[in-house]
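Worksheet: the structure to be examined is printed underneath.
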Amino acid sequence: RAKNNGKGNAAFFDQEMDELAQERRALEHDLRHAIARGELYVVYQPLVATAFASVIGYEALLRWNHPERGEIAPDDFIPVAEEIGAIVPIGEWVLREACRAAASWPKNVSVAVNVSTIQFQVPNLPAVVRDALSQSGLEAHRLELEITETAFLRNRHSALKALHEIRALGVRIAMDDFGTGYSSLSNLKAFPFDKIKIDKSFVASISDDEAARSIVRAIIGLGRSFNMPIVAEGVETQEQRQMLLDEGCPQAQGYYFGRPAADPFQAEEWSLGSPHLDKRDAEA
Ligand code: C2E
Ligand code: MG
Ligand code: MG
Ligand code: MG
């Protein structure tokens, strides 16, 4: 009995594996052609500072509008793009696109671009950044790159070297998703980050989890002593916003302040010095 069942399952399993492999190959193929086919676009989410009342910048977030599958989330396609190396041209495209967009924004508004660990394994990243700046005319101090700590896992020495070269251009470097994954204080010691972004998982539980709140408080304290601004990611509620203000968190980002939008300066609601944002703050 068991034998028969096993056989049937194996055949079914094979077929399922075939389908998965085929689907995966199709996704890889489509991903390699997504730029040329104009399927990728960038949306921008506001970053607020000064008692969370003013917008000082926007984070560029990649979107893929697939002709058959519709919108595919970055968490579903960026890991694939990293595995097949497609993240290198895609990341370069995002960087150029974000710099070009930001060059038309008010001068006191900056742009943050996520850079994959894989992009650090290609030796020309500093040159790519320099070219994106010069082609767009964006001043270096208005660009910020967000990296996660996996960048340090492989080729630590060359990753640090690239970071120093990029920083020498005047570009700021932020550590993203701090507190998760491979977080290590030695990375903070090895490289002078300009900013730390507290992972949204801590912010999500800040109001009902004392441990999460203690961690957030400790990271804010760390930022103060390193003279590094701290950003709380994923702020969704007024309660979270108030707790972060009470803890002295200098910067924040999240749906509460604004969702990512293709043209943030068209979406009147969140334009700079927005009365809406001020009003919401006054009501709080
Ligand atoms: P991330 O860099 O940590 O970006 C923050 C993510 O949190 C974004 O998800 C954003 O839309 C989402 N978010 C913002 N506010 C809130 C909130 O209040 N609540 C919740 N639940 N989520 C919020 P998204 O756009 O889906 O991107 C996911 C991740 O994909 C990013 O995380 C980043 O690691 C990666 N990614 C996005 N664009 C790029 C890119 O151009 N290059 C690379 N290498 N990675 C990218
Ligand atoms: Mg980010
Ligand atoms: Mg993050
Ligand atoms: Mg992330």
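Numbering of ligands and ligand atoms starts at 1, following listing order.
Backbone or side-chain N, O or S atoms of E233 do not reach the Mg ion (ligand 2) at under 2.8 Å. Coordination check, D199 versus the Mg ion (ligand 3): failed, since every N/O/S atom of the residue sits at 2.8 Å or beyond. Residue contacts to the Mg ion (ligand 2): E59 brings an N, O or S atom closer than 2.8 Å.
Using 4.0 Å as the threshold, A73 has no heavy atom nearer than that to any atom of ligand 1.
Of the possible polar contacts, none joining the S104 side chain to the R100 backbone as a donor-acceptor pair under 3.5 Å is found. One N or O on the side chain of R167 and one on the backbone of P192 form a donor-acceptor pair closer than 3.5 Å. Formation of a donor-acceptor pair under 3.5 Å by the S54 side chain with backbone atoms of T50 is not found in this model. Of the possible donor and acceptor atoms, none in the side chain of R213 sits under 3.5 Å from a partner among the backbone N and O of S207. Checked by atom type and distance alone, the side chain of E149 never pairs as donor or acceptor with a backbone atom of N187 at under 3.5 Å. No side-chain donor-acceptor contact under 3.5 Å links R142 to the backbone of N108.
Of all the N, O or S atoms in E146, the one closest to the Mg ion (ligand 2) is OE1. Closest N/O/S atom of D176 to the Mg ion (ligand 3): OD1. Summary: OD1 is the N/O/S atom of D177 found nearest to the Mg ion (ligand 3).
The closest non-hydrogen atom to atom 44 (N) of ligand 1, taken over G258, S116, P260, comes from S116. Nearest residue to atom 3 (O) of ligand 1 from D75, D177, L95, V42 is D177 (criterion: closest heavy atom). The heavy atom nearest to atom 31 (C) of ligand 1, out of those in L61, T117, V203, V94, is found in L61. Counting only non-hydrogen atoms, the option in E236, E97, K197 that gets closest to atom 20 (C) of ligand 1 is E236. Here the shortest heavy-atom distance to atom 6 (C) of ligand 1, taken over Q119, K200, E59, belongs to K200. Closest heavy-atom approach to atom 25 (O) of ligand 1 among the candidates E146, Q253, R63, E233: R63.
Listed by number with element, the atoms of ligand 1 under 4.0 angstrom from any heavy atom of N114 are 2 (O), 39 (C), 40 (C), 42 (N), 43 (C), 44 (N), 45 (N), 46 (C). Proximity to V235 (heavy-atom distance under 4.0 Å) selects the following atoms of ligand 1: 18 (O). Ligand 1 places these atoms under 4.0 Å from at least one heavy atom of Q45: 14 (C), 15 (N). Below 4.0 Å from some heavy atom of G254 lie the following atoms of ligand 1, by number and element: 15 (N), 18 (O).
On a distance-only criterion, P74 and ligand 1 share no N/O pair closer than 3.5 Å. Taking distance alone, with nitrogen or oxygen atoms compared against 3.5 Å, E82 stays at or beyond that limit from ligand 1.
When R259, E233, Q253 are each tested for a side chain to side chain donor-acceptor pair (under 3.5 Å) with Q45, only one passes: Q253.
In summary, the aromatic rings of Y41 and W93 are positioned with their centroids too far apart to meet the 6.0 Å limit. Between H164 and F191, a ring centre-to-centre spacing shorter than 6.0 Å is recorded. A ring-centre distance under 6.0 Å is found for Y58 and F265.
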List the steps, then state whether side-chain contact (heavy atoms from CB on, under 4.5 Å) holds for H157 with N155. CA-CA 5 Å; H157 178 77; N155 306 321; over 6 Å; no
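Looking only at atom types and distance, the side chain of S116 has a donor-acceptor partner in the side chain of E82 under 3.5 Å away.
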